[in-house]
There are 4 protein chains.
Amino acid sequence: MDQAAKVGRPRSEQARTAVLHAVDDLLLEVGYAAMTMKGIAERAGVGRQTVYRWWSTKAEILFEASVIDAEQELAVDASGDLAADAAVFVDRLVQFLGQSPAGAAYRALVGEAQHDPAVAELVATRDVVCDSARELLAAHGLTAGELDQAAAALAGPPFFWILTSQDPKGLDVTSLADRFAARGHVRRSGNRR
Amino acid sequence: MDQAAKVGRPRSEQARTAVLHAVDDLLLEVGYAAMTMKGIAERAGVGRQTVYRWWSTKAEILFEASVIDAEQELAVDASGDLAADAAVFVDRLVQFLGQSPAGAAYRALVGEAQHDPAVAELVATRDVVCDSARELLAAHGLTAGELDQAAAALAGPPFFWILTSQDPKGLDVTSLADRFAARGHVRRSGNRR
Amino acid sequence: MDQAAKVGRPRSEQARTAVLHAVDDLLLEVGYAAMTMKGIAERAGVGRQTVYRWWSTKAEILFEASVIDAEQELAVDASGDLAADAAVFVDRLVQFLGQSPAGAAYRALVGEAQHDPAVAELVATRDVVCDSARELLAAHGLTAGELDQAAAALAGPPFFWILTSQDPKGLDVTSLADRFAARGHVRRSGNRR
Amino acid sequence: MDQAAKVGRPRSEQARTAVLHAVDDLLLEVGYAAMTMKGIAERAGVGRQTVYRWWSTKAEILFEASVIDAEQELAVDASGDLAADAAVFVDRLVQFLGQSPAGAAYRALVGEAQHDPAVAELVATRDVVCDSARELLAAHGLTAGELDQAAAALAGPPFFWILTSQDPKGLDVTSLADRFAARGHVRRSGNRR
DNA sequence: AATTAATCGAGACGGTACGTCGGGTCTTTAC
DNA sequence: GTAAAGACCCGACGTACCGTCTCGATTAATT
């Protein structure tokens, strides 16, 4: 049982949610770079120390604030048809990365991960994009050994495209999904490795 | 022709290269986040105004300092075999992103691009990874309409993997290249692999 | 009779003395400026609220903690000889201000009184140095009208010297006491003014 | 010759005077305790770093801002009459400590000196009250060996009175001056020490 | 040769966020 | 009702970097 902290004033849930909402809002309003710990505290109507007490960096807060939404937006129920499911997933991923607030948060976090090893670890240990791709593919029967390669093959192209061009229009979702599924079929019929 | 500024003291090439080298060094020594315009100037033994006179941000300097090296490291001479060339390319890309200083610069820039639209434009208009993939694929006869999708399909998976997991070991380069080429063959010759 | 607070848990004498001792200790260890309400509570092993419940400021605590000691150290039994008594008093005052922990507390409080009107009132209404000087002089028969001037004349010079120079060595106690007593004799023998 | 700092932008005299004036103003408006380095910088319209670049503490600034005025207010031209000069000096000192802005600064500094050794040294090495008293007494022929005791005897009583009671009304200036001068005569007629 | 003009290193300038610390208050459980 | 614990909001701390602004000193091309 959780024996920690029976004494003293308990943590304020109100302060916690105020901070998370402030981060969500500020990301859209001013962007990740202009979002500061000071600004977050002021926007949330919370003391600066309270923010630092529970989170080390704005990246941590943003991660906590966005991961639930991100998982929901990327969840795909597996049908029997891998090509169709892949198309749905790629489409959702493109929407997520290009349009969704949670996706903007994810992109900001992956960006920060390239500068800060602590954030890199945060992203690596619970990468919502990779996890959702793996979940979908696992439902289609891929084995653990195949999952990593397949997830990268599925999520990588749209991820690469949007992170480097920021333009979701130049991307043909169906084409990418077909390309993935074609190989996917071959892969699963067993003639290699 | 460049008619600007014929009078006055000419720009110091020494100062320029000192700044570019300082940025290269500092990226490896302290990382992108801890690299500052002030620190760059001091490391280069150059006045701060001199840095600001020629570059707006550390991202611009880093881009100028790394793009030449990046292009060289990613150039692949096309053989007749797409699968082999793809494997070479993926392998070089993984090395580039995971090991090379120029690749570290590229990752830092792509990361910053997620936070700063100006850097996003810089990266989008001359993305060394996408450009080199397109160049290789164009040599194999892909049409302009196919290039974007194919380049993303080729470069995306390793790009995604390294940017989100930072661990190049979990990646099977051959498998990814085969997966790409299989679809490529189907696409172009019609039968499959 | 004191009718307040008959119900509920009574005030803890242990907590009170722990706080007073903590203040005494901290004044010597870290000095008045670095002494904080938080630090006092922690040193005393007492809750912060408990400190604030009984005292408003560290100055109040310090006053309560030091005034008894200060009165004892400055008490002088009057002999018949004013010059001798003055010399003893000045000597004790110099020791008190320059060496004694209670004197350090007194100096800190007088110092704080120059910044904070509340502390100024605290010091003014029960100034141990002035009170002890007046008590001695009253025992020598000075009238109420003379006491203030005489007390200032007696205590002022060493007080001034130590508060502004911090160096008790430059001071000739006998000379100051004689200077005081000479005027005192003239004054009381009636031949002038 | 002053060889320091030939390169770089020179110090802004405007910023310096703005800070000194801000400190003067704030001392009267909010008092020493509520005066902060942050507040000084903002009031002066100056960056905080600029304040810290030239002064370590608010006490240092206040000292620089008030010492000139203090010296002028306490300067007494010596006449032949020691008693008269002493009376003038005591009167000015009471005015200075009790009414003058420069005197308020001096009291604040002496107060802070009881908490902070660095300020104590600042005050001790150039104590305007002691210095002016010594200057007056030196003009009356006192020798170096006598100056310290005499200055303390002259300035100490009003200093003590005002610092501990804050009430200049309870003080009889003439009486204190006479008391000083009486002893002064005796002293100089040579019968002791 | 003297002048002009843009560059150079240096460093102070007004700002603002950093992460920490203390202030004084509030909210728990325990006594 | 007091006590210990500890979270709460607030704001100052001293530092670092931002991008700008003087400085004196160089370094060419133009007089």
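Residue numbering restarts at 1 for every chain, and letters A, B, ... go by the order of the sequence lines. Here the structure is a predicted model, which is why all the values come from computation and not from measurement.
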- So, for A/M37 and A/V51, which heavy atoms are closest and what is the spacing to 0.1 Å? CE-CG1, 3.8 Å
- What heavy-atom pair brings C/F63 and C/L109 nearest, and what distance separates the two atoms? CA-CD1, 3.7 Å
How close or far is atom [atom2] of [N] from atom [atom1] of [X], stated in whole angstroms?
X: A/R11; N: E/dT27; atom1: CZ; atom2: C1'; result: 16 Å
X: C/E13; N: F/dA3; atom1: CD; atom2: P; result: 11 Å
X: C/R43; N: F/dA4; atom1: CZ; atom2: P; result: 16 Å
X: C/I40; N: F/dA4; atom1: CD1; atom2: P; result: 14 Å

- Message: Looking at B/R48 and B/E42, is any side-chain nitrogen of the basic one under 4.0 Å from a carboxylate oxygen of the acidic one?
- Response: no
- Message: Any salt bridge linking A/R43 with A/E29? Criterion: basic side-chain nitrogen under 4.0 Å from a carboxylate oxygen.
- Response: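 Between A/E29 and A/R43 there is a salt bridge, with a charged N closer than 4.0 Å to a carboxylate O.
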Identify all pairs in which a protein N or O lies below 3.5 Å from an N or O of nucleotides 15-18 of chain E, and state each distance.
from   : atom 1 : to    : atom 2 : distance (Å)
E/dA17 : OP2    : A/K38 : NZ     : 3.4
E/dC18 : OP1    : A/M37 : N      : 2.8
E/dC18 : OP2    : A/M37 : N      : 3.4
E/dC18 : OP2    : A/K38 : N      : 2.8

- On DNA chain E, nearest-nucleotide positions of B/A15 versus D/R53: which is more 5'? B/A15
- Item | Most 5' of D/W54 and B/S12 on DNA chain E, judged by nearest nucleotide | B/S12
- Does a distance-only test, which skips hydrogens and angles, find a donor-acceptor pair under 3.5 Å between the side chain of B/R9 and the base of F/dT26? yes
- Lys/Arg cation over aromatic A/W54: A/R16, 6.0 Å, 45° cone: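 Checked: cation-pi criterion not met.
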- Note on the structure: Taken to the nearest 0.5 Å, the spacing of A/I61 CD1 from A/D24 CG works out to 11.0 Å
- Phosphate-side-chain proximity, A/T50 and F/dA7, N/O vs OP1/OP2 below 4.0 Å: no
- Query: Does D/S56 or D/P10 map to a spot on DNA chain F nearer the 5' end, using the closest nucleotide for each?
  - Reply: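 Comparing both residues, the 5'-ward one is D/S56.
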